[in-house]
Amino acid sequence: MEFTVKSGSPAKQRTACVVVGVFEPRRLSGPAAELDQASGGFLTALLRRGDLEGKKGQTLLVYGVPNTLCDRVLLVGCGRERDFDERAFREAVATAARTLDEKGAMEAVCFLTELPLKGRDTAWKVQQAVQAVEHALYRFDRLKSEPERPRRPLRRLVLAVPSRRELAAGEEAVRVGRAVAEGVRLTRDLGNLPANVCTPSHLAEEAHALRERHPERVQVEVLDREDMERLGMGALLAVARGTSEPPRLIVVEYRGAEAERRPIALVGKGVTFDSGGISIKPAQAMDEMKFDMCGAASVLGTLEACAQLALPLNVVGVIPATENLPSGTATKPGDIVRSLSGRTIEILNTDAEGRLILCDAITYAERRFQPEAVVDIATLTGACVIALGRHAHGLLSNHPPLANELLAAGRMSGDRAWELPLWEEYDEQLKSNFADMANIGGREAGAITAACFLARFARKLRWAHLDIAGTAWLTGERKGATGRPVPLLAQFLIERARRAADDVRPGARREKA
Ligand code: BES
Ligand code: MN
Ligand code: ZN
């Protein structure tokens, strides 16, 4: 999709379609009122006849609006004006995009970005609009014989900004929105691919493809089973024992700043299929365990966004990737292994495999890169889905400032996280009679005890953990990867880059988030 920004009056747009908002009950938004005035009350008359109440999700495509230069006008219901919030804004934009795509308008000028939104400026609205449109029009049909595409898809969208002074900021917002959307798309594609295609080696190839797209700033290194053995990654290897699909530890380095600058490490769980291993899962919805590599996918997606934006930061992605299957060589409940850190782990449940591959990846990241901060991203626990549902990522951290940065990035991007406590009382649930720790902490507070396990490997680090088990994919009719938490992570890094720039310009003032 091509996006541009423009300022001007809706009546004067020479285009296939002008998009304006209508609030409930039948109240024209500013740009809609302008059109109405130019057309001699044409829209008011339509609304009076009861064609559109203005409820969320409603649309009305109108032809022949007098004294306009456009072929048609799309009215989009935005709900009550005083309830018009960030979510309503994104939904209105998504509804507009889907309608335009279906109706064959192919290009349009959208004035929804001029609707006032408390606390959000034009740049925010433009960036969010770009992401919402790309999100709404995303399809995963590469494995269908007959792609499901509209005959005349939406190709070009012009986003209106209220004044010429805002054009430059609007253009920059388009650039950022596109980069984040591309990262989200990559993450969704990888998540949606089935496990027989998206294997650990496939993830490694995707990392190489990322380097090919950005050879000047991205480097990739891939460790195989022998490398892991040599290094002593007993926890990661314990998970990989059950499958003949070769495991990989994928290291992607993005260099946007001087080499001396310590990187931010993103560690992503890459279990390309989680059957549970010997502690096997029930058959019900087991297909969804192909999404158990969405943490890994979000690391690649975030690095793609980073590279497209050429952020002045160093970021390193570390992705432990393996299948978790039962077999004659698989790890058994009660087996004890030695992690890369040297500590021993009693594997009481082979389905708690995410933390096993992550603990070695975190230790590896620490030793190799001395990162400034580590954020791990994992579809780690069903318990997190019970605690927070499908709306917020679970966030646990040993460093409050880092937690706050991530929470703020979530609010800014609309890709929100919610913090859970990481207290010693919970950590005590991990004790083992036979090893330094067990890999499970009982039924209670499962999302927290999983994070406590990881925290034991991050004591010397500024570390945060995002449990995305509830948010990385949707179930039911809309089953599919969401691309989350790429928007949150991209926003976090954008903000970090801004801060780094301020550091080298003493006296520079930062805007309030
Ligand atoms: N990948 C799963 C977590 C998961 C389950 C994500 C369902 C989304 C939906 C993870 O590897 C797992 O199996 N966790 C176990 C941990 C338990 C054995 C302590 C769980 O949540 O049941
Ligand atoms: Mn599991
Ligand atoms: Zn898993």
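Both ligands and their constituent atoms are indexed starting at 1 by order of listing. The structure displayed is predicted, hence computed values, not measured ones. Only this structure's heavy atoms are used, side chains among them; waters, hydrogens and symmetry mates stay out.
Both the sub-6.0 Å distance and the 45° axial angle are not jointly satisfied by Arg262 relative to the ring of Phe369. Taking the ring axis of Phe457 as reference, the NZ or CZ atom of Arg343 stays within 45° of it and closer than 6.0 Å to the ring centre.
The two residues Ala409 and Ser413 have their closest heavy-atom pair at O-OG, 2.8 Å.
The aromatic rings of Phe89 and Trp124 are tilted relative to each other, their planes meeting at an angle between 30° and 60°.
Protein atoms of type N/O/S that fall under 2.8 Å from the Zn ion (ligand 3) number 4 in this view.
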Worksheet entry | Chi angles and distances behind the side-chain hydrogen bond (donor to acceptor under 3.5 Å, both in side chains) call for Arg211, Gln219 | CA-CA 6 Å; Arg211 183 206 51 204; Gln219 283 175 30; over 6 Å; no
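Checking side-chain atoms of Thr243 against main-chain N and O of Glu323 turns up no donor-acceptor pair under 3.5 Å.
Checked against ring pair (Phe, Tyr, Trp, His ring centres under 6.0 Å), Phe273 has no partners two or more places apart in sequence or in another chain.
When each of Asp351, Thr350, Thr331 is tested with Ser279 by the rule side chain to side chain donor-acceptor pair (under 3.5 Å), just one qualifies, namely Thr350.
Counting non-hydrogen atoms of other residues, nucleotides and ligands closer than 6.0 Å to CZ of Arg368 gives a total above 12. Around CD of Glu216, the count of heavy atoms belonging to other residues, nucleotides or ligands within 6.0 Å exceeds 12. Arg416 CZ: 12 or fewer foreign heavy atoms inside a 6.0 Å radius.
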Need the list: ligand 1 N/O atoms against protein N/O atoms, distance under 3.5 Å, rounded to one decimal.
unit_1	atom_1	unit_2	atom_2	d
ligand 1	1 (N)	Lys269	NZ	3.3
ligand 1	1 (N)	Asp274	OD2	3.2
ligand 1	1 (N)	Asp292	OD1	2.8
ligand 1	1 (N)	Asp292	OD2	3.0
ligand 1	1 (N)	Thr379	O	3.3
ligand 1	11 (O)	Lys269	NZ	3.2
ligand 1	11 (O)	Asp274	OD2	2.9
ligand 1	11 (O)	Asp351	O	3.1
ligand 1	11 (O)	Glu353	OE1	2.8
ligand 1	11 (O)	Glu353	OE2	2.9
ligand 1	13 (O)	Lys281	NZ	2.8
ligand 1	13 (O)	Asp351	O	2.9
ligand 1	13 (O)	Asp351	OD1	2.7
ligand 1	13 (O)	Asp351	OD2	3.1
ligand 1	14 (N)	Leu380	O	3.4
ligand 1	21 (O)	Gly382	N	2.7

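For the Mn ion (ligand 2), protein N/O/S neighbours under 2.8 Å (waters excluded) are Asp274 OD2, Asp351 O, Asp351 OD1, Glu353 OE1.
For the residue pair Gln308/Glu304, the side-chain donor-acceptor check at 3.5 Å is satisfied.
For Glu226 and Arg230, the salt-bridge test fails: no basic side-chain N is under 4.0 Å from an acidic carboxylate O.
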